[in-house]
Amino acid sequence: MNFVFDLDGTICFEGQPVSEHLLMAFEELKAQGHEVIFASARPIRDLLPVLHERFHHDKMVGGNGSMVAREGKIMSTACFDDRTLSDMMQLLEEHRLAYLIDSDWDYAYTGPAGHPILKHLDPQKRAKNVALGELRHIVKILLLTSKNMKKVEEQLGKMDVVVHVHANEGVLDVSPRGVDKWSGLQQLGIKQGEYIAFGNDANDIPMFKYALYAVMVGHHPQLAPFSSEQLPLHDHIEHSLVQTLAELGRVYSEKAMK
């Protein structure tokens, strides 16, 4: 069975790397014959630092589906088309938006020096912060600050894009149309009903919809209707996750043997 994991708020918390306790649980899944896949809103560049290097060759979906990696290499990306990108550039200028814009590796950042996003942005200095015009193959746009973010959101609703709202941070997360975690999993050859999903936020809805079984960590009102099980978020959440993985790993190992 394929086990697919969102990262932030699901298996890693407060920007810290995934704990050794959970990593050992993933290795136990592999020992049982299961496959582990990571699917995050982070680009691959920022996904790697929170996973121990022994997992860097596992299958990964980054940028909410806009990039897919296996065997340690990015194998495909989904970029904004020229017309949509032109509309986005006009929007940036009109509303004087601060942003974090990602290509398949490098990025352009114009946000404040103290913005919380910087805690997760390229902590190992694997990439370069370059001028927007130097980026090729733009795959993901985070709109960070504006005097009228509601108006920005309304204008984005008229464009050929997918928008996720991170209400806690006041951030708009923009991807090309048709791109989400489920589309990324399909790029890896994963089919409907062939995986168990773990997630915590609205951007996990597409992969929850097509999972055989879906585990929600904490509670999100939009994600809840697509969840098979909920793990309450508390101080011992990692222990709960390890127990759940052990149980699901055993159940689906036994089913595979029948």
Side-chain angles (χ1 to χ4, degrees), residues 1-12 17-20 22-79 102-105 120 122 124 126-127 137 139-140 162 175-176 178-201 203-217 226 241-242 244-246 248-249 252-253 255-256:
M1 180 59 66
N2 299 294
F3 282 74
V4 183
F5 299 94
D6 170 53
L7 270 77
D8 294 283
T10 299
I11 59 170
C12 64
V18 180
S19 72
E20 185 63 24
L22 280 171
L23 295 176
M24 290 175 64
F26 299 156
E27 288 179 325
E28 179 60 27
L29 288 174
K30 291 183 177 184
Q32 294 171 334
H34 305 301
E35 185 160 22
V36 173
I37 302 170
F38 302 100
S40 177
R42 294 176 182 239
I44 301 297
R45 173 199 69 230
D46 294 341
L47 191 157
L48 296 174
V50 295
L51 287 170
H52 190 275
E53 61 184 15
R54 66 187 190 267
F55 290 88
H56 285 187
H57 281 66
D58 287 292
K59 294 176 181 177
M60 298 179 181
V61 175
N64 280 328
S66 60
M67 53 188 74
V68 173
R70 69 165 84 204
E71 299 299 329
K73 296 181 180 179
I74 295 175
M75 56 174 280
S76 68
T77 57
C79 308
D102 281 298
S103 67
D104 53 354
W105 199 253
H120 312 300
D122 194 24
Q124 297 177 344
R126 295 170 178 266
H137 310 301
V139 300
K140 189 169 183 284
V162 176
S175 300
V179 172
D180 53 42
K181 291 183 180 182
W182 166 235
S183 70
L185 290 173
Q186 290 177 289
Q187 288 288 313
L188 290 169
I190 306 299
K191 295 182 174 60
Q192 180 176 349
E194 291 187 349
Y195 64 96
I196 296 170
F198 286 73
N200 77 314
D201 208 342
N203 63 348
D204 295 313
I205 291 173
M207 73 172 183
F208 269 41
K209 281 183 178 180
Y210 300 102
L212 177 64
Y213 194 85
V215 180
M216 178 174 63
V217 177
F226 304 97
L241 280 164
V242 169
T244 300
L245 291 176
L248 290 173
Y252 286 98
S253 289
K255 287 186 177 182

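All values below were derived from every heavy atom in this structure, side-chain atoms included, with hydrogens, water molecules and symmetry-related copies excluded. Residue indices begin at 1 and follow the sequence shown.
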Open item on the list: Given 3.5 Å as the limit, does a donor-acceptor pair link the side chain of Trp182 with the main chain of Ala211, or not?
Closed with: no

Open item on the list: Is it the case that the side chain of His34 and the backbone of Met1 share a donor-acceptor pair, with hydrogens and angles ignored and the cut-off at 3.5 Å?
Closed with: yes

Open item on the list: For Glu53, I'd like to know if atom CD has over 12 heavy atoms of other residues, nucleotides or ligands within 6.0 Å.
Closed with: no

Task: Test item: Asp122 side-chain N/O and Ala127 main-chain N/O as donor-acceptor pair under 3.5 Å - done: yes

- [ ] Determine whether Leu188 and Tyr195 make a side-chain contact, defined as any pair of heavy atoms from C-beta on separated by less than 4.5 Å.
- [x] no

Task: For Lys59, the option from Met75, Arg70, Glu71, Gln187 that meets side chain to side chain contact (heavy atoms under 4.5 Å, CB included) - done: Arg70

- [ ] State, yes or no, whether a side-chain contact exists between Leu245 and Leu29 at a heavy-atom distance under 4.5 Å.
- [x] yes

- [ ] Using modelled atom types only, decide if a donor and an acceptor are shared between the side chain of Asn64 and the backbone of Lys181 within a distance under 3.5 Å.
- [x] no

- [ ] Please determine which of Ile44, Val139, Val68 meets the side chain to side chain contact (heavy atoms under 4.5 Å, CB included) test together with Ile74.
- [x] Ile44

Open item on the list: Evaluate Phe5 against Phe55 for ring pair (Phe, Tyr, Trp, His ring centres under 6.0 Å), listing each step before the verdict.
Closed with: CA-CA 13 Å; Phe5 299 94; Phe55 290 88; 9.8 Å; no

TODO: Spell out, as yes or no, whether a donor-acceptor pair under 3.5 Å connects the side chain of Asn2 to the backbone of Glu194.
DONE: yes

Open item on the list: Determine whether a donor-acceptor pair (N or O, by modelled atom type, separation under 3.5 Å) exists between the side chain of Asp204 and the backbone of Asp201.
Closed with: yes

